[in-house]
J.: 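Dropping the structure in here first, questions after.
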Amino acid sequence: MLADRISESGSGRPLPVANEFSAPYWQAAKSHRLVLQKCTRCDTVRYYPRPRCPECCSADVEWTEMTGRGHVYSFTEVWRALAPWFEDKLPLVCAVVELREGVRMITNIDADAADVTIGAEVEVYFDDADENISLPKFHLVDSRSSQESRA
Amino acid sequence: VAVREQKIVIAGVGESRVARGGIANTWNLHLEAVERALEDGHVTLADVDGLISCPSTVDDHPRHHVLLAEHLGMPYKRYTDSSRVGGCSSTSAIRDAVMAIRAGLAEVVVISSADTQRSTLRNERATVQMGHYHYHSLDYEAPFGPLVMSLYALIARRWMTEYGWTPEGIAEVAVAQRANAALHPDAQMRAPITIQDVLDSPPISTPLRMLDCSVISDGGAAMVVMTAERARAVGANPVQVLGLGNAYSYYFAWNLPDYTNYLRMLVERSAAAAFEQAGISHAEVDLAFVGDPADFCTPIGLEGMGFAKPGEGLDFVADGRIQVGGALPTNTHGGCLSYAHPGAPGQHLHVIEAVRQLRGECHDRQVANARVAVVHGLAGLLTSHCTVVLGSGDRA
């Protein structure tokens, strides 16, 4: 249950727990690299980490670094806190991001919802949640470059 | 006639009080609902030899059906199981009951659902706390803070963007369902609402606002399934199960190949199988039911079932067409949006209303000459689908 994760994390923040299939994923994330399983039989990239390829059922994988680029498949502005930890982060933008490699993931976009559109280009960054876990989140590519030009 | 060729019917239905909090656990709601369904079906527990439970989302158990049987005082039975397909567990359970009876494994099967989401998840924080009980992934979703309704909102956003569906358009569904609920004395929400009320309600997870979302309730629902022959013998007033179809897919909705075409295909396949088995055309359908965790799901269901062309489901539901008195009255009790959504029994209540409509028992909200109803159950963020076609007892 979510309540257990919240109490386990110490910070009150629900955080993932690595398992035998996801450990390399979270390890790479810790060093700010988005690395996913790629099937060595049919080249299908999969997310989330799991034991077999969803296309051909092969167990053979190569952990492969993604470009970290993709686009917004869908998004929502969340106005209620899933856990108390989120209360001062509202509203937050949750999205389904489709990576260039074709897989989709639930994540956050660090932007105002008004600036987000379906199809918007995004790039990964990592949110260091604690000493073990860094979460892959995304910037809008355009807004980030405009922030840089302002800086 | 061999049992495998006999018509199967829903001979009795019953619901517990649909409560708004203060319920300790689900067991008494199960018992109340089952008791009423048995009475309605003119049978007693001694006649029941099959039990299918739809476990509560808040107090589930690995052997839920065994525990329920013990609470019911029917420790001995020939067939027992739990149906675990989320919101469409009860519609899927009808299929299981039909198969069990046709296979000669049971003669009288009770299906029971109960849940206490209202009591267990404290009122106004309930939409949030839903996540505590059936969050899909604690590793790949929860860390990013989406509510269960956010995961629906992601699907809504795609349909609205691809087909030009507007907030006003989906709000019309909520308004129509409230108008239906206003005709039902037991509905949780009966005060009429306007499109503006929906647009002015607080945002939950955009594009969904509070009144776009289903209510949160406590409640239990049950039905009794048997052969038409048995129902005649006991003097029940049955409704026939004419056809069944299912389509199941992914666990995580974001693994669907896409949120529109693939999802519509699932509804189409589920419904096409049920319509074919029932041998009916769309023109013969007098009323419809669609699982409605949020308002935008109803046009998706109706469109997928073939009542509207792809992308045009929202046009179909406009102008009161799904209200009682409209062209295709849908969720005539008000659905999960306004009647009640206790959790597991949410769409079981759709089946109960369909049975009552086909028996002509619905007073102010009765659809005239209702002979065929289609109930489309959906679950797991629209990844699982189950369609049931029901016909009035005297329909050949």
Side-chain angles (χ1 to χ4, degrees), chain A residues 1-6 8-9 13-19 21-22 25-26 46-49 54 72-87 89-98 102-109 113-114 116-119 127 129 133 135-137, chain B residues 57-58 60 121 124-162 201-210 212-213 249-260 263 294 381:
Chain A
M1 292 211 324
L2 182 59
D4 299 329
R5 285 294 170 88
I6 291 167
E8 281 161 14
S9 79
R13 184 177 186 180
L15 290 176
V17 174
N19 60 37
F21 304 112
S22 65
Y25 170 73
W26 292 116
R46 63 185 184 260
Y47 177 82
Y48 51 103
V72 174
Y73 180 74
S74 193
F75 68 99
T76 178
E77 188 177 33
V78 182
W79 284 83
R80 301 280 174 113
L82 174 66
W85 186 85
F86 291 102
E87 265 160 24
K89 283 97 187 158
L90 299 179
L92 57 87
V93 178
C94 260
V96 177
V97 161
E98 181 170 322
V103 293
R104 298 204 188 114
M105 54 201 302
I106 292 274
T107 183
N108 294 129
I109 310 279
V116 183
T117 52
I118 282 181
D127 172 4
I133 293 294
L135 297 170
K137 299 185 173 183
Chain B
T57 53
V58 299
D60 198 357
L121 317 170
E124 74 274 14
R125 290 188 53 82
T127 49
V128 172
Q129 296 191 22
M130 285 279 285
H132 290 248
Y133 288 92
H134 41 146
Y135 223 86
H136 278 143
S137 173
L138 297 174
D139 291 329
Y140 306 111
E141 292 177 337
F144 304 100
L147 314 172
V148 171
M149 244 341 126
S150 305
L151 301 171
Y152 281 104
L154 292 165
I155 300 173
R157 172 92 60 194
R158 279 306 297 200
W159 282 75
M160 293 170 79
T161 303
E162 287 190 32
S201 65
I204 300 293
S205 197
T206 62
L208 302 179
R209 294 175 172 274
M210 185 178 276
D212 291 305
C213 305
S249 68
Y250 294 78
Y251 184 75
F252 295 112
W254 37 272
N255 271 331
L256 289 167
D258 65 74
Y259 278 2
T260 47
L263 203 153
L381 294 157

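Just so it is clear, the structure is predicted and the values come from calculations on it, not from any experiment. The basis for the numbers below is simple: all heavy atoms, side chains too, and nothing from hydrogens, waters or symmetry mates.
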J.: Between Val103(A) and Asn255(B), is a side-chain contact (heavy atoms from CB on, under 4.5 Å) present by the stated rule, with each step listed?
T.: CA-CA 8 Å; Val103(A) 293; Asn255(B) 271 331; over 6 Å; no
J.: Working to the nearest 0.5 angstrom, can you tell me the gap between Asn19(A) CG and Asp139(B) CG?
T.: 6.5 Å
J.: With a 4.5 angstrom heavy-atom cut-off, could you sort out which part of Lys137(A) is near chain B: side chain, backbone, both or neither?
T.: side chain
J.: On a heavy-atom basis, which atom in Tyr259(B) and which in Val96(A) lie closest, and how many Å separate them?
T.: OH-CG2, 3.5 Å
J.: With no hydrogens and no angle check, is any side-chain donor or acceptor of Asn108(A) less than 3.5 Å from a backbone partner on Phe144(B)?
T.: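 Here the side-chain-to-backbone pair exists.
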J.: Compute whether any side-chain donor of one residue and acceptor of the other, for Thr76(A) and Ser150(B), lie under 3.5 angstrom apart.
T.: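 Side-chain D/A pair, Thr76(A) to Ser150(B): absent.
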J.: Tell me, side chain or backbone of Pro136(A) under 4.5 Å from chain B's heavy atoms, or both, or neither?
T.: both
J.: Show the nearest heavy-atom pair for residues Pro203(B) and Arg80(A), with the distance to one decimal.
T.: O-NE, 4.5 Å
J.: Side chain, backbone, both or neither: which part of Met160(B) has a heavy atom under 4.5 Å from chain A?
T.: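 Contact with chain A involves no heavy atom of Met160(B) at all.
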J.: Considering non-hydrogen atoms only, spot the tightest contact between Arg104(A) and Pro257(B) and give its length.
T.: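 So the two residues come closest at NH2-O, 2.9 Å.
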J.: How many angstroms lie between atom SG of Cys94(A) and atom CG of Leu147(B), to the nearest 0.5 angstrom?
T.: 8.0 Å
J.: Relative to the ring of Trp26(A), is the ring of Tyr140(B) parallel (under 30°), tilted (30 to 60°) or perpendicular (over 60°)?
T.: parallel
J.: Based on non-hydrogen pairs under 4.5 Å, which of Ala156(B), Ser205(B), Pro202(B), Ala153(B) is most in contact with chain A?
T.: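 The answer is Ser205(B).
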J.: Report which part of Phe86(A) has an atom under 4.5 Å of a heavy atom belonging to chain B: side chain, backbone, both, or neither.
T.: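 Just its side chain gets close to chain B.
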J.: Out of Leu90(A), Leu92(A), Ile118(A), return the one with the most heavy atom pairs under 4.5 angstrom to chain B.
T.: Ile118(A)
J.: How far does OG of Ser74(A) sit from CG of Asp258(B), to the nearest 0.5 angstrom?
T.: 12.0 Å
J.: By a 4.5 Å heavy-atom criterion (distance strictly below it), what part of Ala129(A) contacts chain B: side chain, backbone, both, or neither?
T.: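 No part of it gets close to chain B.
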J.: In terms of heavy-atom pairs under 4.5 Å, which option from Thr117(A), Thr107(A), Ile133(A) contacts chain B the most?
T.: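 Greatest number of close heavy-atom pairs with chain B: Thr107(A).
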J.: Give the member of Tyr73(A), Tyr48(A), Trp85(A), Trp79(A) that has the highest number of heavy-atom pairs under 4.5 Å with chain B.
T.: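 Most heavy-atom pairs under 4.5 Å with chain B: Tyr73(A).
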J.: Is any side-chain heavy atom of Ile204(B) less than 4.5 Å from a side-chain heavy atom of Val78(A)?
T.: no
J.: Give me the atom names and distance for the closest heavy-atom approach of Ala142(B) to Pro14(A).
T.: O-CG, 3.9 Å
J.: With a 4.5 Å limit on heavy-atom distance, are the side chains of Tyr47(A) and Phe252(B) in contact?
T.: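 Heavy-atom side-chain distance check fails, nothing below 4.5 Å.
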J.: Can you give me the closest heavy-atom contact between Met105(A) and Trp254(B), atom names plus distance?
T.: CA-CE3, 4.4 Å
